[in-house]
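Comments concern the structure below.
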Protein chains: 2
Amino acid sequence: MSTARKAPTMADVARLAGVSPMTVSRAFKRDSSVSETTREAILQAADSIGYVFDSTASNLRSQKTDFVAVTIPSINNANFAETLRGLSDGLKDRGLQILLGYTDYDIAEEERLVEQLLRRRPEAIVVTGGRHTARTRRLLENAAIPVIETWDLPDAPIGHVVGFSNAAAVRGMVDHFVARGLTRIAFIGGDADRDTRGTDRREGFIAAMRAHGLDATRLIAAGAPPISMREGAAAMGRLLDTLPDTEAVIAVSDLSAFGALTECQRRGVAVPGRISIAGFGDYEIAEVAVPALTTLNPFPREIGSRAAGLILDVLDGRQTTPARVEIRPELLIRASSR
Amino acid sequence: MSTARKAPTMADVARLAGVSPMTVSRAFKRDSSVSETTREAILQAADSIGYVFDSTASNLRSQKTDFVAVTIPSINNANFAETLRGLSDGLKDRGLQILLGYTDYDIAEEERLVEQLLRRRPEAIVVTGGRHTARTRRLLENAAIPVIETWDLPDAPIGHVVGFSNAAAVRGMVDHFVARGLTRIAFIGGDADRDTRGTDRREGFIAAMRAHGLDATRLIAAGAPPISMREGAAAMGRLLDTLPDTEAVIAVSDLSAFGALTECQRRGVAVPGRISIAGFGDYEIAEVAVPALTTLNPFPREIGSRAAGLILDVLDGRQTTPARVEIRPELLIRASSR
DNA sequence: ATGGCCCTTGGTATCGTTACCGGGCGGGCG
DNA sequence: CGCCCGCCCGGTAACGATACCAAGGGCCAT
């Protein structure tokens, strides 16, 4: 209809329906004591004048926003998207809405983001990773809402944790290769410390190799994280050029692992005949690729749904102490490493 | 520190800094007239008691939320993620934050979502697609904020549009195959009408084939949209079983196209020797796959950034009439079809 | 010296909803 | 028959920031 007129309020609806604003308010809440007939009359009146409930006023008065803040490193990552999905689905029945921000794998950006999100007064906040700036940590500690760190198992959590050890997961992968008799193993990852999970994986690789008494210097830095298929392919190219006797490659993610695989295909290097390849994340590409890629499934969807469940438990008072939910990534041995 | 104490307000900060709440308010706004010394004193006082600005109160009083609502079909889709990225980056300098919801490719779900989002009083709303329920349309028309439909070119737009014709894009793909002398062309897509863009693409395929006087019945329904790599592979399997003389395949997306490609590899069917394959979306996989996949780049990032620019233009009064920004998808002919 | 302007700061009312308290009315029970 | 309780509804104040109006002080020009 018109666009200039001021938006109707509950008072307008109340006048039209012949009730008090208070009753209109009740009619818009789920479990409130309004007779069914008046409720319907009110909703009908509201609809007729195009009234749309105003959360901003409700939020202020009730001191509740029904927001859950979430930070992820990147929107464009199937794993984090799955976590988000698990979170979103677990929260929407309760009318909780996700307020999302992405950090671009940068903890300084995370700090800005967290402050911006806290201004909106969310009921809980979920962050990815267990490493933060001092100020971020302080902000989260003072926020007086449930804080959940995910995708990691920090030594000193801020509040709750739903995650796994990236280092331990990679160790399992190294063990797998060693058990197969492969010893000249390389690691392809990003080159900065920005991606803390990627760094943890690389360090887990180094520690695991040393534990086996093996050379842990075949490290290929493939560019600024997050590295993707193209970077994975380029990194594999350099690896084949400089260390042609490499027998196995562990990539920081399935995407880079797949890129590495395609580079082998372009060069006629047999996988797994001459080189075995493994990734991380159990992306769909890992299963569909020919050969299918050995990988680790960190159950990203479950991370989200467990976090959502935890939030509801805390808000309902069923959980009163900091929880530490450990996810156990599953090693999926596929054709690319056997 | 403590978690039980009530959160400090501007009044607390004002008391501590020895100024009025009004001045504290100004200190937290960017371009307001406060002397630099008092501003710093105020911010320092705020920090010392852990004050965090409360947007909920600000939103109500100023009737501004700095939210831009966005609906996308799925979080877990690289194309929409790119659009989101373009939007987010284009809006964040202005302090506008995205309020995201996903519809799961369902316009009934979209209706619920749009209402929920409008309750938060966003300054603008961006929706994916040009088909909506009648009520969604009414809600958007009455919202008195800029409405932008994307990823489509609707005949009767609600407000602004940033998109392209899915049907026309596929026509270009058909033309490409026909020009190469291929006539027995199949289309792999989802089986329902839920994914309106997928449906548009299939219909564009049929229309284009008929325009060339070719048989447009090689249609493989690959399951509930969005179909992905696995479904693409399965669909290709069925196609090879039932219509083995097919010369070319157009898939509704690169993901399903890649799945189809892998099925060919598993069966020893040469691509493009015996079958040419094309996808849609210019996902990274299309470029990295061996052979690289012919595809269409719809410039998803640009859709987002153009939408963001449009929002700023409208909010600043530089754009006063409904805009129709047409994106021209680029046909990328790669090894899989030559 | 006085008027006027800019910069900075304060006071008051208000955004639209809901927490809280209170009251009318009808029915069940002693 | 009276009392009590539960259901349904209304009035009032308040959530915390800011729009709006106003004023004090410093500085320049007349």
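Both backbone and side-chain heavy atoms feed into the values below; hydrogens, waters and symmetry mates do not. In what follows, every chain begins at residue 1, and chains take the letters A, B, ... in the order their sequences are listed.
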Got a second to check how far B:Thr150's OG1 is from B:Leu87's CG, nearest 0.5 Å? 7.5 Å
Return the value, rounded to whole Å, for the distance between atom CG of B:Asp54 and atom C1' of D:dT18. 13 Å
Roughly how many Å is it from CG in B:Leu60 to C1' in C:dA13, rounded to a whole number? 13 Å
Please give me every residue in residues 35-48 of chain B whose heavy atoms get under 4.0 Å of an atom in DNA chain C, ordered by residue number. B:Ser35, B:Thr38
Output the rounded distance in Å from CE (A:Met10) to C1' (D:dG10). 15 Å
With a 3.5 Å distance limit and no angle check, can you tell me whether A:Ser62 reaches the backbone of A:Ser58 through a side-chain donor-acceptor pair? yes
So, applying side-chain contact (heavy atoms from CB on, under 4.5 Å) with A:Asp195, which one of A:Ser74, A:Pro73, A:Pro225, A:Pro226 is it? A:Pro225
Between CZ of B:Arg30 and C1' of D:dT18 the distance, given in whole Å, is 17 Å
Should the side chain of B:Arg121 and the base of C:dG16 be counted as holding a donor-acceptor pair, with the cut-off at 3.5 Å? no
Given 3.5 Å as the limit, does a donor-acceptor pair link the side chain of B:Ser48 with the main chain of B:Ala45, or not? yes
Polar side-chain contact A:Arg61-C:dT17 base: donor and acceptor under 3.5 Å: no
Which word best sums up how the rings of A:Phe53 and A:Phe28 line up, parallel for under 30°, tilted for 30 to 60°, or perpendicular for over 60°? tilted
Does this structure show an ion pair linking B:Asp54 with A:Arg121, if we count only N-O contacts that are shorter than 4.0 Å? yes
